[in-house]
Every structure is written in C-alpha cells, then in structure tokens.
Amino acid sequence: MEKSYQPQTIEGRWYRAWEEAGHFAPHGPGESYCIMLPPPNVTGSLHMGHAFQDTIMDVLTRFHRMKGDNTLWQTGMDHAGIATQMVVERQLAAQGVSRRDIGREKFERAVWEWKDSSGGTIARQMRRLGASVDWDNDRFTMDEDLSQAVTKVFVELYHDDLIYRGKRLVNWDPVLHTALSDLEVISTEENGHLWHICYPRVDGKGYVVVATTRPETLLGDTAVAVNPDDPRYNDLVGLKLELPLTDRTIPVITDKYVDAEFGTGCVKITPGHDFNDYEMGKRHSLPVINVLDDDATLNEQAPPAYRGLDRFVARKKIVADLEAAGLLEKVERHKMMIPRGDRSGAVVEPYLTDQWYVKIQPLADPAIEVVENGSIRFVPENWNKTYFDWMHRIEDWCISRQLWWGHRIPAWYDPDGNIFVGYDESDARKRHGLSDDVQLRQDEDVLDTWFSSALWPFSTLGWPGDSPRIQQYYPTSVLVTGFDIIFFWVARMIMMGLKFMGDVPFREVYIHGLIRDASGQKMSKSKGNVLDPLDLIDGIELETLVTKRTTGLMQPQMAPAIEKATRKDFPDGIQAFGCDALRFTFAALATNGRDIRFDLGRIEGNRNFCNKLWNAARYVLMSTQDHEIGPVGATGSCDRWIISRQHQMIARVQEHIGSYRLDLAAQRLYEFIWNEYCDWYLEFSKPVLQSGTAAEQNATRYTLLSVLETSLRALHPFMPFITEEIWQRIKIPLALDGETIMLQEFPGAGDIDKQAESDISWLQQVLQGIRNIRAELNVAPGKKLNIAFQSGTSADRDRQNRFAELLRGLGKIDDSQWLDDGADTTGYSVALVADLKVLVALKGLVDIEDELARLTKLMEKELSNLKRSEAKLANSRFVENAPPAVVETERGRQLAHQAKLAGLKEQFEKLEQLGER
RNA sequence: GGGCGCGUAGCUCAGCGGUAGAGCACUGCCUUGACAUGGCAGGAGUCACUGGUUCGAUCCCAGUCGUGCCCACCA
C-alpha cells in the first residue's frame, strides 16, 4: 500500500467497475426504496448545489441498498425549455442566424444535436462523484414515452375541465416573446420615478393630478380612479377627463382599492397593462386598450407619434411631451418592485393574450390535504408552512409558452378557431367527429417545462404503460431537494401524482440548505466566487482558477476584483482532496434548516481523515499478513471494548441516517474511527502483538481486521471509493468472498459490553494521568518512568494486574509497584483516578516547584467543581424538586471531587514540606 | 406588509432543561516501525441582549438588537 492515500489512482477505476458490473441496478430482496433525482437541465454542468444534493441522495441510496432494500435511484435530465432554447439560439446568433431564419423543424433538430453532443456533461460529472444511479434507466423529459405521458395528462386534464384556454393578462417576456408563469417572474426593488401628470377636466375647471410609475401606459388608460371615501375628490365622481396626448376622454370612477394616502390619491387605470387595473376594469366594465406589441413597442393603438417606439423610449418622449404641454406637475424619485423574467432578465409586461391554463384549485385541495394529514412529511417540518402558504393562495397555472423547444400542445384549431384536443390530430378528429376535409392547424405553443417535470415520479417509471416498475417504486420514498423549487416542482408533483396515480409521489421531502461561499455569499459566476466540485476533487492551480473565474463574464469589468479576491482566498490554488473527502464534508455539513458556508478547512480535515483511515488499514494489513487469522471469540477486554463501542456507533449512525442527520452520522463515524479505533485500539494492539500469547495475538488480529471491515461498511455510503479499495484488500485475510463492498450488508448494532467499557475507561484514565504528568512537567516523551499505585480498591488492583502489560507499553513504564497507604509519596507526581493514586516517580526528572504548580492548577479546578456541587446540594429546593437520579448524580460528583481534592492536597502538602527542608 | 430562519471558541458549525462540544486555527513537546495529511498534552466561550417560567435556562416563553431568506398587485 502507498504510504498516503492517493484518491485519484482509485476513484475512476472503482466507478467503472461498479457500473460495468451493473451494481447500480435495483435488485435487493427487501422493501422498495426509491429516490428520484431532480433532473438537472441538459444545459447544465455540475455545481456545488448538485454535488451536495447528489451526495445526500447517494448516501441514502447506498445505505438502503446495503440494507437489502430493492433500491432504485432514478436518474435523468430535463429538457429545460427556455434555458436550452436560449443556449442554442445564442449559438445560432454567433453564426448570424436566428431561429426564425431556419424555421421550427431545423431549429428543433439543432437543439437535439446540441443535446446529444453536450448534454452528457452532468452525467459524466455525476460519475466522478460516485453517484450510484441506475444508468440503464436514464430518462429525458423529451423521450418518446415521457412525451406520451405529457400528452395523456394534458388531454385528460382538458377533458376533465382542468385545463382551459383563456384570454387574460399574463406575464409577458418581451425579449423571449413568451408568456411566463407567476413563479418565473422575479421582483426586485429598483429605483424608479413617480410622475405626477395633469389630466384636464372636460368642464374646464382645472386638472386632476395622477401619480404613475409608468407614464407610457397612459395611452391605454380607460379611467381614473379615486377612493369613494376620499373627501378631496367627491366632486370629481362621474366627471370626464381629457386623456393627455390623445383625443380620448375617460371617466373618473371610485373603487375601494385606491389608497388615498398614496401619491395624489388618483390612479390612472390601464386595464390592458396592469394586473390590478385589469381586475378593476372588469369590476367597472371598462374597455381594455392594448397599446403594446409583443416586443413591447407601441402598437397602432397609440397615437402615430409613438408607434413603433420601444416602451422605454416612448416613456421619455411622452414625459417630454407632457412637460412641453405643461401637464407634468412634478417627478419624484421612487423605489419600487420591478418584475423581471428569471431567464431573460427583461422587465416583464402584463399582456393580454390567449394562453392555456391549469385550473389549479381542484388539484391543490387534495395536495394540501396530504401534507396536512402527514401522508407527505417535510424534513425539516417547518417547510410545510411555506408549502401551505403558497398552496392556499395558488392561482391558475399558465402552461403555454411561445417557444419551439418543448412538448407541443396537443390542441388543434379549425378555420373558425374552434379547439380540438386529442393525443394526435387523428385522435382529435375522432373524438370530435371531424371529417378529414376539415382543415386543422396545431397550436404552435409548447408546454411549460415544469409541466413535464411534474410527472417525473411516474413518467420515468413507465406510466402510462403497465411497467412493473411503477408498481414496484411508486410512491417513491423521499424527495431530496432545495427549498427554491418547492413551488415550481414539489407542489406540482404532488398535485399531478394524486390526480393521475391516486397516491402521493413520495412520502418524505428532505429540504436541504444552499451551499454558499466561505463568507456566506451565494455562489455565482458574476460574483466570481464559484467553486467547481471537480476542482475540489482534482485540485486546481491558482492561475487556472483565476482564468476560469474571470472568463466569460457578463460584466467583464468585474474581472480585476474577482482575480484579486481569488488570489487572496486561494494563494496556492486548491489542493486535490479527492471525492470521498468532498462527499464526507458535504455530509458533515448537511445539518437541518440552515444554509452552508463551504469551508475549505473542513474538506482538508476530511482529506486527512481519509489518510488516517488509509494508514490504519496499512497498519492492520502489515500486522496481520503472514498470519493465519482464525475467527475467534474476542476475549480480551480491549477487543470487547472496541466492539462494544462500535455497536453503539452503528446504532447511532443508523438512527441519524434515518432522521436525515447525515452530519451527526458522519461525526459519529469520524469520532469512532479516529478517536477510538485509531487512537486507542490500534495502540492497545501493539503491545499485544509484541508480547501477547498466541491466542491473544490471534484475537487481536482478528479484531483489528473485523472492526475495520465493519467500519468500512458503515462508512461506505459516505466514502464509497476508499472503503472499496481497503475492503478489497482486507477481505483476503478475512476470507470474505463478496465481489464488492457496495453489495455487502450494512452492519447492525449489537450489545454494549459494560464491563469492558468500564475497564478500558479506567485504563484510559490512568494512561491520560501519566501522560498529563509527562507533558506538564516536561518529561521527555520517550523517557521510561517508574510508577507506583496507592490506596485503590481491589478492583483497581485487579485492573492494574490485568492491564500491566498495556500500561507498561503505552505508558512507557519501566517498573511499577503498589505502595502501602501510609508510604511516603513525596518523591512522586500524582494523578488521581477516582480513589486510586497513580504516582510517577519524580526523582531527577523534575523540579518540585513545577509539580507544586501543576498540583495547584488541578486543585483549583477540583475545588471550583466541588463548590458548585456543594452549592447545589445545599439548596433544599434542588434536593426536593430535582429528579432523584439527578440529585444522586450530584452527590456522586461531590464525593468524587472531595476525594480527589483531598488526595491532591495531601500530596501538595507533603511536597511543600519537602521543598521547605 | 406577511412568513421562515439564524446569532455558541479566532473561523466554520454541532448541542439544547442538569458542570459547554467538534473540525480548522493557536501554544508546548515529539520525525516512537500505520499515519507529520501524524502523535501527546494544553489554552481559548457572560452560549447576542433584557425580562419571565423553573430547584436549575445556552436550551422553554416574551420582548429587544443584529442578520439572512421567501412570499405579496399600492399606482
């Protein structure tokens, strides 16, 4: 074995071996366990969030697979309509071509070509992470069968009156020329203005001043509204106003919606370009005037002077014209929420169009119910509040998109505009009794990407076919995802699952936090603080990292600042930590309900942990090679102790994985392997292997191997590669015949051995006492000591006797003896283990003053502890009210502190006298 | 305007009614035949603040301050 762990030499090798052997395919005899991978976008590449999420899912998957469950981790990708179309359009644009130039068919072909050539990036990256997904059943939302599922769902919802086509205001992206759902609109606060505009009264008695943030929509105004209870404007009601810059007049109406406190208390009403105004327009039967085209330029409804102008150009011109006409009273600065498309970043326009909608309430009600009644459980639980909040206010879902990449809507129109929905054109004809001579034209639009994602838990399992997979794995076990797509995806899967499968799509939803950079910032390309998980695995030179972070920026002027920050944060680049260290770090940080600041210190520590494990294995193999290892009952106390400790560790790890506390599970594994197995058991084994009996040596060798082997199995879900590599080596001396660790059984917890635990605890305390004396009194670590024991119990004598060899070896002790209770101990330094005095002969080793100082420190600590105990016990209310067990514990503490303090004091006084002489 | 979090060692985070923990960083000693990516021994915290409940509060409750996020049609 190499002297240190070299992850890069083994990771790729093992992954290929597993995949080629088909180990990721579901096969266990036990219950079904299924996780759906949230399908990444085909355009995407693996970022820290994916790596984190994939680690969680892989830990769960590998754990359940080892438990014997019939475990499926379903993988696949999402066609990501808008995102993908934008990428391909950008590529075309680079060649000077637009999608309209080449037409729909050619464009779709171009997207497929691009998907085939570069869509596999994430899949390759997932392999680097060790993700044990079932590649044989890889799915893509645009696959033939998944597309059929989409069509079926659309058709059925339509015929159930749960999908309808309607003309209303939608969020319109004037850059992408498509409608968006409410969720795809991101509102952020931006600086704007509030223009106060005078609308002349037709009776010639002056003006009414309205305040608006959007003067250009004035051309579509069809009323001015005031609050009915606003005394200032009582006389205006029913009056007509001249709409500036037009030859129209509009009425003044009253509506409770108007806030008298805001602006002037008069609101211009533009039903064609504002959601509130649209509603108010309906209430008052106002006409709707649309003054915009689909690219947000002013259309023929606007006066000729403004036609064809972009909305923002028109705004300037209109303001200028109003000012020239003396109709602009004032302009104020105003902070306001600006809605933008989440993909294009363009300011979204409320726009009156025909779109397809899902009538959501009938679907939402049962979806609320299943979370309320616990059929679906959020982890952590407080996310169900977020879910309920949104579900109770949910609005109909606009599902049509004016794009080319996606599932085309299965609706056809006859020349009169009548709608016919069916699986395909002939089905639509058949359903509606249309003869072949009626001309039909298919709807041009495609469906929102999330429409097909909503079907993912069953469409990937073969629905609507009768695949056995769907029986086997639906409902799935747990969904692992981020809070950001609870509305986009989680809620919609629940609604569709209930509607079409008659059951929940998953039983639990584990919501994890967001991975941020070390200073708590969200990672983003534009901030230049992105870490690539593969760079943490393989390492990266500083210069390469700088280049990577500063190329392809949307704002190239940020490059110098990013470079500077990068050089400061990573002066030596990033080391290669290996996949297992990265995974273990993610697991250790996967605490509930909190975002994660990714800290390089943690991954470095875990890389060291890998090396520790590696070297422990190296020691075990070196110590056991050339020996016949018979399976023996572990009889030695140390052997029984480590096994007992391991049982407890395993029980906790199982428990923590079960409650999605991978951080706690990882911590237990780390502590057991490092602080118990390596720090203690391996050290215990050394004296035995040197001078123990043949039987003791055999038991020790077997325990070394078997505890390591068990630890590897427990650790495997977290660190698949190193555990496999070591397991393959130690299965030989253990004569195991499994092919791979990933198909071995996850270890079960056994009984605690109280006797062994208290014995070894005693041994540890004695050794720690001796070590403390050495360190505090600056005795050379290698220097052999003479020690003595005094005034212990018979149990102490028994243990001293049984562990004499271990004490001699690990304490570096030359000679030891028991002293009578009254014997002179002035030549010793003392450590106390309960009543037992462990005495280290000082002669010639140390200054008496140093020992006095050391004892003083110990006494002070003991005294303050004693005082605390005494104070508590002196409080009668404590003694009366606290549970008896607590009081008992406290009395025990008091006695222990008293004894210890007395022992220290006695030694201190003796030495002090010696010093004075 | 609603809702959800967070504030514990220098840093990143666990813990959560009975004497505060880990990793990294720090100090001292140590290249001892698994491992210096290491060993041993240490130092380090008014658990944001103020009240309340309790025999006892870092933990429960109320409020304050700081901080982050989500949702929301005041032009």
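Here the structure is a predicted model, which means the values were calculated and not measured. Here is how names work: the chains are called A, B, and so on, in the same order as the sequence lines, proteins then strands, and each is numbered from 1.
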Select from A/Arg868 and A/Lys385 the residue whose nearest nucleotide in RNA chain B is closer to the 5' end of that strand. A/Lys385

B/A14 to B/U8 separation - C1' atoms, rounded to the nearest Å: 10 Å

Run A/Asn592 and A/Tyr510 through side-chain contact (heavy atoms from CB on, under 4.5 Å) and show every step you take. CA-CA 9 Å; A/Asn592 273 186; A/Tyr510 172 54; 3.5 Å; yes

Regarding the side chain of A/Glu776, the nearest nucleotide among B/A75, B/A41, B/G23 is B/A41

Tell me what A/Met1 touches on the nucleic acid: a base, only sugar-phosphate, or nothing, going by heavy atoms under 4.0 Å. nothing

With rounding to the nearest 0.5 angstrom, report the CZ to CZ distance, A/Arg583 to A/Phe718. 9.5 Å

Distance in Å, A/Leu785 CG paired with A/Ile813 CD1, rounded so as to fall on 0.5 Å steps: 6.5 Å

Under-4.0 Å side-chain N/O to phosphate OP1/OP2 contact, A/Arg774 with B/C29: no

Specify the separation, in whole Å, of atom CD1 of A/Ile515 and atom P of B/G68. 20 Å

Just checking A/Ser4: base, sugar-phosphate only, or nothing, at a heavy-atom cut-off of under 4.0 Å? base

Is it true that A/Gln6 and A/Ser4 share a donor-acceptor pair across their side chains at a distance under 3.5 Å? yes

Identified pairing partner of B/A48, criterion: Watson-Crick or G-U wobble below 3.5 Å: B/U64

Residue matched to B/C13 through Watson-Crick or wobble contacts both under 3.5 angstrom: B/G21

Starting the side chain at C-beta, find the nucleotide from B/A14, B/C35, B/A75 nearest to A/Asp663. B/A14

Take atom OH of A/Tyr681 and atom P of B/A34, then tell me their distance rounded to the nearest Å. 15 Å

Closest of B/A72, B/A34, B/A41 to the A/Arg393 side chain is B/A72

Taking the side chain of A/Val267 as heavy atoms from C-beta outward, which of B/A75, B/C55, B/A34 is closest to it? B/A75

In whole angstrom, give the distance that lies between atom CG of A/Leu858 and atom C1' of B/G43. 15 Å

For A/Arg661, answer base if it contacts any base atom (sugar-phosphate contacts may also be present), sugar-phosphate if it contacts only those atoms, and nothing otherwise; contact means non-hydrogen atoms under 4.0 Å. sugar-phosphate

Taking the side chain from A/Asn606 and the backbone from A/Leu582, do they hold a donor-acceptor pair closer than 3.5 Å? no

Determine whether the side chains of A/Ser181 and A/Glu184 contain a donor N or O and an acceptor N or O closer than 3.5 Å. yes

With heavy atoms under 4.0 Å as the rule, sort A/Arg602 into base, sugar-phosphate or nothing. base

Integer angstrom distance from the P of B/C59 to that of B/U50: 12 Å

Scan every strand shown for a Watson-Crick or G-U wobble partner of B/G1, both distances under 3.5 Å, and answer none if you come up empty. B/C71

Under 4.0 Å from OP1 or OP2 of B/G7: is there any side-chain N or O of A/Arg594 that close? yes

Give A/Phe262 one of three labels, base, sugar-phosphate or nothing, depending on what nucleic acid heavy atoms sit under 4.0 Å from its own. base

Is A/Pro350 touching bases, backbone alone, or none of the nucleic acid, heavy atoms closer than 4.0 Å? nothing

Heavy atoms under 4.0 Å, any strand shown: does A/Leu621 hit a base, just sugar-phosphate, or nothing? nothing

Choose from B/U12, B/A22, B/C35 the nucleotide whose nearest atom is closest to any side-chain atom of A/Asp599. B/U12

At 4.0 Å (heavy atoms only), tell me whether A/Gln894 reaches a base, stays on the sugar-phosphate, or touches nothing. nothing

Of the candidates B/U37, B/A22, B/A36, the side chain of A/Asn608 sits closest to B/U37

When we call it a touch if two heavy atoms are under 4.0 Å apart, what does A/Lys686 touch: a base, just sugar-phosphate, or nothing? base

Expressed in whole Å, how much space separates the C1' atoms belonging to B/U54 and B/C60? 10 Å

Give a yes/no answer on whether the side chain of A/Asn772 brings an N or O atom under 4.0 Å of OP1 or OP2 in B/G42. yes

Shortest side-chain distance from A/Arg618, nucleotide among B/U19, B/C35, B/C55: B/C35

A/Arg893 has an atom CZ; how far is it from atom C1' of B/G18, in whole Å? 7 Å

Reckon A/Lys872 has a side-chain N or O less than 4.0 Å from the OP1 or OP2 of B/G18? no

Side chain of A/Asn382: nearest nucleotide among B/C74, B/G18, B/G5? B/G5

C1' atoms of B/U58 and B/G7, separation to the nearest Å: 12 Å

What distance do A/Ile360 atom CD1 and A/Ile394 atom CD1 have between them, rounded to the nearest 0.5 Å? 4.5 Å

With sugar-phosphate meaning primed atoms plus P, OP1 and OP2, does A/Gln575 contact a base, only sugar-phosphate, or nothing at under 4.0 Å between heavy atoms? nothing

Indicate, with a heavy-atom threshold strictly under 4.0 Å, whether A/Trp674 touches base, sugar-phosphate, or nothing. sugar-phosphate

When the ring planes of A/Tyr387 and A/Phe378 are compared, do they come out parallel, tilted or perpendicular, using 30° and 60° as the limits? tilted

Using a 4.0 Å heavy-atom cut-off, does A/Tyr257 contact any base of the nucleic acid, only the sugar-phosphate backbone, or nothing at all? base

Expressed as a whole number of Å, how far does the P atom of B/G15 sit from that of B/C6? 10 Å

If the cut-off is 4.0 Å, is A/Thr591 near the phosphate of B/A14, judged by side-chain N/O to OP1 or OP2? yes

Is there a donor-acceptor contact under 3.5 Å linking the side chains of A/Asn191 and A/Lys335? yes

Does B/U32 pair with anything, Watson-Crick or G-U wobble, both distances under 3.5 Å, and if so, with which nucleotide? none

Minimum heavy-atom separation for A/Met523 to A/Asn529, with atom names? CA-OD1, 3.3 Å

5'-most contact on RNA chain B (nearest-nucleotide basis), A/Lys268 vs A/Met622, goes to A/Met622

Among B/A75, B/G38, B/U19, the nucleotide that comes nearest once only the side chain of A/His897 is considered: B/U19

Would you say a side-chain N or O of A/Trp383 is under 4.0 Å from OP1 or OP2 of B/G3? no

Whole angstrom is fine here: how far is it from CZ in A/Arg516 over to P in B/U67? 15 Å

Separation of B/G1 P from A/Glu189 CD (nearest whole Å): 12 Å

Report which part of the nucleic acid A/Val620 touches: base, sugar-phosphate, or nothing (heavy-atom distance under 4.0 Å, all strands). nothing

When both distances are under 3.5 Å in a Watson-Crick or G-U wobble arrangement, the nucleotide paired with B/U27 is B/A41

Quickly work out the A/Glu604 CD to B/C35 P distance and round it to whole Å. 20 Å

Distance in angstrom units between A/Leu767 CG and B/C40 P, rounded: 12 Å

P-based separation of B/G45 from B/A20 [nearest Å]: 13 Å

Which of the following nucleotides, B/U12, B/C40, B/A34, is nearest to the side chain of A/Arg771? B/C40

What's A/Asp679 touching, base or sugar-phosphate or nothing? Going by heavy atoms closer than 4.0 Å. sugar-phosphate

